2 protein chains.
Amino acid sequence: MAVTLADVAAHAGVSSATVSRVLSGNYPVAGATRNRVLRAVEELEYVVNGPASALAAASSDLLGILVNDIADPFFGIIASAVQGELEGQGQGEGPVPRKLAVVCNTGGSPERELTYLTLLQRQRAAAIVLTGGAVEDPEHSAALAARLRRLAAGGTRIVLCGRPPLSDGQGGGPVPGALLTVAFDNRGGARALTEHLLALGHRHIGYVAGPAERTTTRHRLEGHSAALEAHESFDPARAERLTVHGGGYHRSAGYEGTRVLLHRAPETTAVLAANDTVALGVCAALREAGLRIPEDVSVAGFDDLPFSADASPTLTTVRLPLQEAGARAGRLALGTQPPPRGGVTTIGHELVVRASTAPPRAGG
Amino acid sequence: MAVTLADVAAHAGVSSATVSRVLSGNYPVAGATRNRVLRAVEELEYVVNGPASALAAASSDLLGILVNDIADPFFGIIASAVQGELEGQGQGEGPVPRKLAVVCNTGGSPERELTYLTLLQRQRAAAIVLTGGAVEDPEHSAALAARLRRLAAGGTRIVLCGRPPLSDGQGGGPVPGALLTVAFDNRGGARALTEHLLALGHRHIGYVAGPAERTTTRHRLEGHSAALEAHESFDPARAERLTVHGGGYHRSAGYEGTRVLLHRAPETTAVLAANDTVALGVCAALREAGLRIPEDVSVAGFDDLPFSADASPTLTTVRLPLQEAGARAGRLALGTQPPPRGGVTTIGHELVVRASTAPPRAGG
DNA sequence: TGAGCGGTAGTAAGCGCTTACTGCGCCGCG
DNA sequence: CGCGGCGCAGTAAGCGCTTACTACCGCTCA
């Protein structure tokens with residue numbers, strides 16, 4: 001039904017091999033012949049059969065991206081940046097991408113992560129970018145690590161973006177050049193935020209954290225704790241009481257978490273949220289409780305998503321260069337940027353102080 | 001290198017045809033044989049070669065989604081909903097997706113839309129969902145329509161989601177059952193919004209519109225105009241003067257547009273934004289000009305993205321059921337929902353009144 | 001008892017492309 | 001004048017899977 005290479009070849013009066021060579025461009029073909037072929041391609045409106053070509057060449061033009069939730073701008077921005085790198089991979093004028101991005105929503109579930117990995121492997125994806133924090137379940141992370149190692153060993157480029165490097169401890173060592181990491185400094189960011197609040201004079205700092213089983217959550221909490229512990233006012237029991245775990249990185253988690261927090265520790269004068277989205281829920285719950293932000297309670301987010309600058313009030317947060325991280329991950333996945341020694345790139349962060357944080361009221 | 005069907009067949013002591021049949025599941029295989037095969041698959045960790053299977057079966061498991069900007073939650077939500085429908089397409093327990101979504105960022109450019117269409121066609125995608133408004137350039141839309149018609153005729157299911165049905169006027173008639181549309185009522189929504197402002201007493205209603213060449217922009221403007229014209233206070237010159245076109249559906253477009261608007265028509269008491277994101281920019285510009293929202297100027301958005309309820313102030317807007325639209329589009333693309341007569345599904349909308357709109361001050 | 005049939009499984013012919021290998025014509029050099 | 005080499009282009013062997021067709025077995029039914 002569809003036009004095939006052979007049709008084009010016949011139309012141009014050459015062999016199908018020649019057509020293939022003209023199209024792939026990695027073999028010398030005389031100018032005249034080349035033009036004849038290209039004209040035939042035009043005239044017949046020939047479109048390569050991707051599967052056939054992938055089968056014969058044993059490689060495909062697909063790049064997989066695993067995200068927790070594509071509706072969340074955090075992942076959207078990263079995915080968009082990764083895709084941006086696929087452009088300019090064209091062969092002709094302008095940014096005509098050659099590779100296609102397959103975006104898979106894992107919903108944060110390790111099982112689905114594994115499932116999608118299989119699906120991508122089935123498609124013989126050239127590279128796979130895994131975004132978002134990992135789940136801490138040792139069984140799953142071992143299974144995942146094993147899978148990734150095997151994929152990497154099989155030639156699939158694997159890039160972990162925004163999650164810590166593989167650390168199952170067991171299994172053959174790292175696969176250099178094929179299993180890369182672009183990590184955020186979640187600890188450092190959270191620490192900076194907590195130090196900011198401490199410097200403002202806050203002593204009762206609540207923390208509405210993300211799901212307990214995620215590495216991201218743990219790292220941010222660790223940074224928070226580190227800042228607390230380094231401060232004269234440190235009280236482990238208080239810190240414990242002021243930390244609540246939410247059900248996810250959603251607005252509702254912030255809302256619910258804050259209600260719990262306010263009930264448990266009404267003396268709270270500042271709340272650190274798992275991320276900006278959660279912070280919105282935190283703000284809503286505080287306002288509902290009749291508390292003003294930042295006069296009565298300060299609030300800080302994490303990530304600095306675009307909406308944070310327009311929230312009410314504008315959100316103090318830690319800016320994570322998602323765009324840059326995604327682009328980096330994309331380049332590593334495509335192999336257009338040499339991997340750093342050790343395979344791990346750590347992306348910086350920046351404290352962004354806006355209107356949602358202020359000194360506590362006198363006596364706070 | 002990789003394990004093949006033949007390997008599995010040998011291991012299980014059957015022919016490769018049998019293995020294929022067990023895995024595809026669309027042919028009877030005796031229980032004992034099936035188990036033997038499945039065990040072999042497990043033991044050898046066999047993963048189907050997607051390209052090979054797509055080549056032989058002349059169809060792939062890929063579903064393409066074209067979006068303007070994956071970092072924009074508007075598209076993220078739709079994409080996420082479409083993907084949601086791919087799950088549950090599994091064969092075993094739980095939602096194990098069979099199909100994979102390929103998300104392509106077109107950046108709103110018609111050329112790239114065409115390019116990605118080619119790429120997806122090359123991959124022999126089973127279906128393609130195009131989201132977001134179309135560009136009004138007659139040349140491009142004719143080219144696009146022709147392409148889509150041809151793809152649809154070739155068996156690729158095409159679903160337009162959030163954009164008007166194809167209307168090039170020329171070219172063979174519609175391809176029933178293969179070229180579907182899920183449209184938003186942009187006119188109706190904008191009309192409702194303007195009526196809301198008129199009812200509040202506003203007479204100087206500015207409109208910071210999206211890019212002039214997009215259908216979405218035109219439709220929303222038309223709804224706005226319709227409401228205006230139906231009102232006793234209608235003044236074409238004023239309406240004209242109060243409408244500014246922005247450079248895109250971004251915050252900065254709202255900011256810039258509002259500055260132009262305030263300069264051109266300082267008497268403005270209400271501003272309608274192209275969408276919620278633009279509305280954020282509008283608010284920023286107004287605030288910068290020393291105007292309070294909604295006391296001095298009312299602002300309304302469009303779409304009701306998640307952040308709108310948390311903006312400062314909370315945004316009056318028109319809720320578009322993106323989730324529902326995406327899910328619908330996904331089902332139509334997969335063929336799991338029968339297409340409506342005529343192929344066009346129109347999704348409703350809902351006026352959401354929040355804190356950013358209020359009556360104008362006396363004399364406004 | 002034998003033809004016929006339903007239920008399984010094997011055989012093998014591609015699907016459309018890539019690429020190693022071969023072939024051919026022409027030039028330069030000995 | 002002959003031969004090696006070079007630059008193109010053709011030949012054909014797969015890549016791993018699906019599936020039409022065929023084969024076989026064991027029953028049922030006349």
Side-chain angles (χ1 to χ4, degrees), chain A residues 1-38 40-41 44-62 91 98 119 121-126 154-155, chain B residues 1-38 40-41 44-62 91 98 119 121-126 154-155:
Chain A
M1 204 230 96
V3 179
T4 71
L5 246 206
D7 298 332
V8 176
H11 194 80
V14 299
S15 75
S16 63
T18 302
V19 178
S20 171
R21 298 200 264 246
V22 167
L23 294 179
S24 73
N26 45 27
Y27 196 87
V29 174
T33 315
R34 149 183 240 88
N35 288 336
R36 208 139 31 91
V37 169
L38 290 177
V41 166
L44 298 182
E45 296 186 318
Y46 171 68
V47 175
V48 179
N49 182 317
S53 132
L55 172 58
S59 79
S60 86
D61 288 339
L62 263 26
Q91 44 180 357
R98 237 182 154 18
L119 250 32
Q121 182 179 358
R122 179 178 298 187
Q123 298 298 334
R124 300 296 188 259
Chain B
M1 200 230 100
V3 179
T4 72
L5 248 204
D7 299 331
V8 176
H11 195 80
V14 299
S15 75
S16 64
T18 302
V19 178
S20 171
R21 297 201 263 248
V22 167
L23 294 179
S24 73
N26 45 27
Y27 196 88
V29 173
T33 315
R34 144 180 246 90
N35 288 335
R36 207 140 29 91
V37 169
L38 290 177
V41 166
L44 299 182
E45 296 186 319
Y46 172 68
V47 175
V48 179
N49 181 317
S53 129
L55 172 59
S59 80
S60 85
D61 288 341
L62 263 26
Q91 44 180 356
R98 235 180 156 18
L119 250 34
Q121 181 179 358
R122 179 177 297 186
Q123 297 298 334
R124 300 297 188 259

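Given the structure is predicted, the values throughout are model-derived calculations rather than measurements. Computation of the quantities below employed the complete heavy-atom set of this structure, encompassing side-chain atoms and omitting hydrogens, waters and symmetry-equivalent molecules. Order of the sequence lines fixes the chain letters, A, B, ..., with proteins taken first and strands second; residue numbering starts at 1 for each chain.
Looking only at side-chain heavy atoms (C-beta outward), B:Arg34 and B:Val37 stay at 4.5 Å or farther from each other. Between B:Val19 and B:Val22, the closest side-chain pair of non-hydrogen atoms is not below 4.5 Å.
Distance B:Asp61 CG to D:dG16 C1': 15 Å, rounded to the nearest Å. Remark: P of D:dC15 and CG of A:Leu55 are 9 Å apart, rounded to the nearest angstrom. The CZ-P distance, from B:Arg34 to C:dT8, rounds to 11 Å in whole Å. Taking atom CG of residue B:Asp7 and atom C1' of nucleotide D:dG16, one finds them 10 Å apart after rounding to whole Å. If you measure from atom CG of B:Asn49 to atom P of D:dC15, you get 12 Å, rounded to the nearest angstrom.
Rounded to the nearest 0.5 Å, atoms CG (A:Leu44) and CG (A:Leu5) are 11.0 Å apart. For the atom pair A:Asn35 CG and A:Leu38 CG, the distance stands at 6.0 Å (nearest 0.5 Å).
Within the structure, every pair that satisfies the salt bridge (charged side-chain N to carboxylate O under 4.0 Å, His left out) test and touches residues 44-57 of chain B, not counting sequence neighbours, is listed here: A:Arg150-B:Glu45. Contacts classified as side-chain hydrogen bond (donor to acceptor under 3.5 Å, both in side chains) and involving residues 13-23 of chain B (residues at least two apart or in different chains) are given here: B:Ser15-B:Thr18.
In terms of the side-chain contact (heavy atoms from CB on, under 4.5 Å) criterion, residue partners of B:Ala40 (sequence neighbours excluded) are, by chain and number, B:Val8, B:His11, B:Ala12.
Listed nucleotides C:dG10, C:dA9, D:dA9 differ in distance to A:Ala30; the shortest reach to its side chain belongs to D:dA9.
A:Ser15 has a side-chain polar atom (N or O) that falls below the 4.0 Å cut-off from OP1 or OP2 of D:dG10.
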Can I get a per-line list of side-chain donor-acceptor pairs under 3.5 Å for residues 51-60 of chain A, giving both atom names and the distance, sequence neighbours left out?
{"residue": "A:Ser60", "atom": "OG", "partner": "A:Leu62", "partner atom": "N", "Å": "3.2"}
{"residue": "A:Ser60", "atom": "OG", "partner": "A:Gln123", "partner atom": "O", "Å": "3.4"}
{"residue": "A:Ser60", "atom": "OG", "partner": "A:Arg124", "partner atom": "O", "Å": "3.0"}

Kindly give the atom pairs (protein nitrogen or oxygen, nucleotide nitrogen or oxygen) under 3.5 Å for nucleotides 18-23 of chain D.
{"residue": "D:dT18", "atom": "OP2", "partner": "B:Ser20", "partner atom": "OG", "Å": "2.4"}
{"residue": "D:dA20", "atom": "N6", "partner": "B:Arg21", "partner atom": "NH1", "Å": "3.4"}

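Annotated stems with DNA chain C as a participant read C:1-30 with D:1-30, given as range with range, by first number; only runs of 3 or more Watson-Crick or G-U pairs under 3.5 Å qualify.
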